[in-house]
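Report on one structure; see the data block that follows.
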Amino acid sequence: MKKRSTKEIKLQAKKALQGHVGTVILGLLAVYGLNTLGTILSTNLFSGTSALDLVLSEVFMLVVSLIVGIISAGLGYMLLNISRGKEFSLGDLGYFFKNQPDRVIVAGFVLALIQLVTAIPYYYVSFTTDPGLTVDSQIQWLSMTLGLLAVSTLLNFLISLPFAMTYFLMADDTELGGIQALKESARLMKGNIWRYVKLNLSFIPLLLLSVFTFYIALFWIMPYMEMSMVAFYRDLDGELDYRLPEDRTI
């Protein structure tokens, strides 16, 4: 089975996106918008600094992340349909609400747990240390907490790497359970993690350049990134080594 280069994967993604960027943007806005709304609600509902407020905030965000996970899985289903030249619509975002959402909830809970565990040092330091009253002490505290946040984010990314194909796998197999999908993703990603990391890193120049467009370019870059992940999955699965009858993008 041929392993395609980052350049070939991204070329496949560009072809699949032609004429469909607007729909993908709307799908992404739905996912990120719901996540942002959840964060705002959590901040306003649990604005205190007590341990109870922290716990309630985390529980609330866990529920939000599970709901967003179901819609994100639906987005993956829609992107797969676009990539394969099949019929699609924004209604695909709700696909998993009608097709055993418990599978996505189980997988999403595991991924959310990884995120929570990797963020424990950040939460502990930010809520148990006093930033102080002087400018120097506050700058030092901010630097320390931001550094821990960056480390937590990186750890979450690295630990979650083997499970990057989970939602795509469940979209392709309605009988595949959440834990099974996580295991199958890890199997597919074995020996391909560095390829996946290189694909993600290849978008950094574009993301940096988007600053000069006041981030307007992200409306094209983000769909391009998402569709590249879909093409990567199809390459891992061996699908790009043959032409599907309805596939017009290969």
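What you see below is based on every heavy atom in this structure, not just the backbone, and it leaves out hydrogens, waters and symmetry mates.
Between the Gln100 side chain and the Thr174 main chain, a donor and an acceptor come within less than 3.5 Å of each other. Within the 3.5 Å criterion, the main-chain N or O of Leu209 finds no donor-acceptor partner in the side chain of Thr213. For Arg84 (side chain) and Leu79 (main-chain N/O), no donor-acceptor pair under 3.5 Å exists by modelled atom type. Distance alone, capped at 3.5 Å, is enough to place a donor-acceptor pair between the Ser185 side chain and the Pro162 backbone.
From Asn81, atom CG reaches atom OG of Ser89 across 9.0 Å, with rounding to the nearest 0.5 Å. Taken to the nearest 0.5 Å, the CG atom of Leu182 stands 4.5 Å off from the OG1 atom of Thr166. For the atom pair CG of Asn192 and CZ of Arg187, the computed distance is 10.5 Å after rounding to the nearest 0.5 Å. Annotation: the span from Asp237 atom CG to Leu188 atom CG amounts to 6.0 Å, rounded to 0.5 Å.
With a 4.5 Å cut-off on side-chain heavy atoms, Ser42 and Val64 do not count as touching. Side-chain contact between Met225 and Leu199 is absent, with no heavy atoms from C-beta onward closer than 4.5 Å. Within the 4.5 Å cutoff, the side chain of Leu148 has no heavy atoms near those of the Tyr123 side chain.
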Steps toward side-chain hydrogen bond (donor to acceptor under 3.5 Å, both in side chains) verdict (Thr6, Arg195): CA-CA 7 Å; Thr6 294; Arg195 289 178 62 223; over 6 Å; no
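Listed by chain and residue number, nothing satisfies the side-chain hydrogen bond (donor to acceptor under 3.5 Å, both in side chains) test with Thr153 (two or more places apart in sequence, or in another chain).
Between Tyr167 and Tyr77, the distance separating the two ring centers is not shorter than 6.0 angstrom.
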